[in-house]
Visitor: 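So that we are looking at the same thing, I have put the structure below in structure tokens.
What you are looking at is a predicted structure, and each value in this text was computed from that prediction instead of being measured.
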Amino acid sequence: MKNKISHILLVIGIILSVVIICTSTFQLFVHSNKEDGDSLYVAEMKSKYSNYCPVLPEEIDFCGERVPIENFDVRESLEKEIIKVMYWHSETYLYIKRANRYFPAMRKILKENNIPEDFLFLCVVESGMDNVVSPAKAVGFWQILEATAKDAGLEVNDEVDERYDFEKSTLAACKYLRQAYNKFHSWTSAAAAYNCGQGGLNKLINQQGENNYYNLKLYTETGRYVYRILAFKLILSNPDDYGFCYRQKDLYEPIETETVEVDSAITNLYDFGKKFSGNYKVFKILNPWLRDTKLTNKDKKTYKIKVLADGAREKEYEKYKK
């Protein structure tokens, strides 16, 4: 009996030892595989995915005015904005696509009004070339306040708001920038004034006895403003240098339109839009400055309304088939 019990205990001991050994071996195996798996994963990630710190050009200018990047504060401020734009992939891609559609017409207006081309990128900073409305009720591509718009000759009321017309608002922005340049004798300062107002910038200049943008202690947003413009200038002018790859057909083309002149009331813009552009939705995309579903036009003013050109949709579709 004693021998039988001893035998049973021996068998139980052997079984327990085997279970312990197997469990330990399994844990070691799993741990070893986990480490090997992590190592392989990290190695693969390093080989396929990399982030790079941007390399700044040796010389940078804004509207022909030199940027003193040899100053550490200037260089670091510019690098900060370039990195933010460079790795803000979703939005930056949209800006690259939209620039192909809107820059040609905007560039023409800037040139006709003797405003440097670099101000295209101020528009990108302001709105991303979209008809947005700010918390302060600034509107459109150039983020123009109502009073500023009226001073520039734009019509703003319940039915018409020409701040939403990117061509007319570009012209209004040109007028403001020219005024600011005449006051400060610097395009860089004119850009800063577009953000904080001519009075606001003039106050800081008088307080600090300094009129160079890069040497002024500015409001936080204004202090970033020109650097953001420069970042978009560098990246949108040379997207390949900053890792943005695309095909020409990926870009938005200018929409082919025709103009209909109207000098009387339009009682139903739904029907008008459907008649001339196929549907009201496309009509509103082309004429966002029409803010109501009717145009009363009591003064019999002549309005130039954009409508979709014949075959425009088909041409756009053919581009994507290539």
Side-chain angles (χ1 to χ4, degrees), residues 61-65 98-99 101-205 211 213 218-219 221-222 225-226 228-230 232-233 254 259 286-291 299 301-306:
D61 73 272
F62 176 69
C63 302
E65 298 172 2
R98 290 172 187 161
R101 171 171 290 169
Y102 295 113
F103 272 13
M106 293 165 65
R107 184 179 288 113
K108 182 174 181 290
I109 295 170
L110 293 176
K111 184 176 181 180
E112 288 172 350
N113 289 274
N114 297 313
I115 302 297
E117 189 173 306
D118 281 356
F119 281 101
L120 289 171
F121 306 102
L122 181 148
C123 180
V124 179
V125 170
E126 285 291 334
S127 68
M129 293 166 287
D130 196 7
N131 275 315
V132 296
V133 180
S134 77
K137 305 302 181 183
V139 168
F141 277 34
W142 294 88
Q143 289 291 276
I144 300 174
L145 294 168
E146 182 174 341
T148 306
K150 290 180 175 179
D151 286 344
L154 297 185
E155 183 178 352
V156 180
N157 55 53
D158 291 339
E159 292 187 353
V160 172
D161 190 340
E162 292 181 328
R163 292 177 294 174
Y164 288 94
D165 183 317
F166 86 88
E167 292 162 330
K168 289 186 177 181
S169 63
T170 301
L171 183 58
C174 287
K175 291 179 179 179
Y176 184 91
L177 291 168
R178 172 57 62 184
Q179 290 173 356
Y181 178 78
N182 290 341
K183 181 178 182 66
F184 298 107
H185 308 292
S186 162
W187 288 118
T188 308
S189 295
Y194 199 92
N195 177 257
C196 67
Q198 295 180 35
L201 182 61
N202 196 55
K203 179 181 177 181
L204 293 173
I205 288 172
N211 62 7
Y213 172 85
L218 297 156
Y219 311 115
E221 185 178 337
T222 310
Y225 195 68
V226 171
R228 292 190 69 205
I229 296 171
L230 289 167
F232 280 116
K233 174 186 175 179
T259 300
L286 300 179
N287 302 279
W289 55 274
L290 289 167
R291 306 307 297 169
D299 298 326
K301 180 178 177 180
T302 299
Y303 290 98
K304 294 183 178 181
I305 297 176
K306 292 179 181 178

Visitor: Is the closest side-chain heavy-atom distance between N202 and F184 below 4.5 Å?
Guide: yes
Visitor: Report the residues that fulfil side-chain hydrogen bond (donor to acceptor under 3.5 Å, both in side chains) with T222, sequence neighbours left out, ordered by chain and then residue number.
Guide: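 Once residues adjacent in sequence are excluded, the partners of T222 under the side-chain hydrogen bond (donor to acceptor under 3.5 Å, both in side chains) criterion are N195.
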Visitor: Strictly below 4.0 Å, N to O, side chains only: are K233 and D61 in salt-bridge contact?
Guide: yes
Visitor: Just jot down the ring-ring contact (aromatic ring centres under 6.0 Å, His included) partners of F121, sequence neighbours excluded, or say none.
Guide: F103
Visitor: Ignoring hydrogens and geometry, is there a side-chain-to-backbone donor-acceptor pair from R98 to V124 under 3.5 Å?
Guide: no
Visitor: Decide yes or no for M106 and F119: does some side-chain heavy atom of the first lie under 4.5 Å from some side-chain heavy atom of the second?
Guide: no
Visitor: Is E167 paired with K306 through a side-chain N to carboxylate O contact shorter than 4.0 Å?
Guide: yes
Visitor: With a cut-off of 3.5 Å and sequence neighbours excluded, list every side-chain donor-acceptor pair involving residues 187-194.
Guide:
from: T188; atom 1: OG1; to: E65; atom 2: OE1; distance (Å): 2.5
from: Y194; atom 1: OH; to: W142; atom 2: O; distance (Å): 2.6

Visitor: Could you walk me through whether R178 and N114 pass the side chain to side chain contact (heavy atoms under 4.5 Å, CB included) check?
Guide: CA-CA 9 Å; R178 172 57 62 184; N114 297 313; 3.5 Å; yes
Visitor: CG of D158: more than 12 outside heavy atoms within 6.0 angstrom?
Guide: no
Visitor: Using modelled atom types only, decide if a donor and an acceptor are shared between the side chain of R163 and the backbone of I144 within a distance under 3.5 Å.
Guide: yes
Visitor: Scan residues 180-196 for pairs that pass salt bridge (charged side-chain N to carboxylate O under 4.0 Å, His left out), counting only residues two or more places apart or in two chains.
Guide: none
Visitor: Determine the interplanar angle of the Y102 and F166 rings, folded into 0 to 90°, and report it as parallel if under 30°, tilted if 30 to 60°, perpendicular if over 60°.
Guide: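 Because their plane-to-plane angle is over 60°, the rings of Y102 and F166 count as perpendicular.
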Visitor: N113 side chain to I109 main-chain N or O, any donor-acceptor pair under 3.5 Å?
Guide: yes
Visitor: Quick check: does any side chain N or O of D118 sit under 3.5 Å from a backbone N or O of C63, one acting as donor and the other as acceptor?
Guide: yes
Visitor: Quick one: which of L201, I205, L218 gives a side-chain contact (heavy atoms from CB on, under 4.5 Å) with Y213?
Guide: L218
Visitor: Just by modelled atom types, is the L290 backbone N or O under 3.5 Å from a matching donor or acceptor in the N287 side chain?
Guide: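 Checked: no pair found.
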Visitor: Taking the side chain as every heavy atom from C-beta outward, state whether V125 and Y225 have any atom pair closer than 4.5 Å.
Guide: yes
Visitor: Taking side-chain hydrogen bond (donor to acceptor under 3.5 Å, both in side chains) as the test, write out the residues that go with K175, two or more places apart.
Guide: none
Visitor: S127 and F141: which non-hydrogen atoms are nearest, and at how many Å?
Guide: OG-O, 2.7 Å
Visitor: If a pair satisfies salt bridge (charged side-chain N to carboxylate O under 4.0 Å, His left out) and one of its residues is in residues 144-157, list it, with sequence neighbours excluded.
Guide: E146-K150, E155-K301
Visitor: Report, as yes or no, whether the 6.0 Å neighbourhood of atom CD on E221 holds more than 12 heavy atoms from other residues, nucleotides or ligands.
Guide: no
Visitor: Just wondering, do C174 and L110 contact through their side chains at under 4.5 Å, heavy atoms?
Guide: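 Yes, at least one pair of side-chain atoms sits under 4.5 Å.
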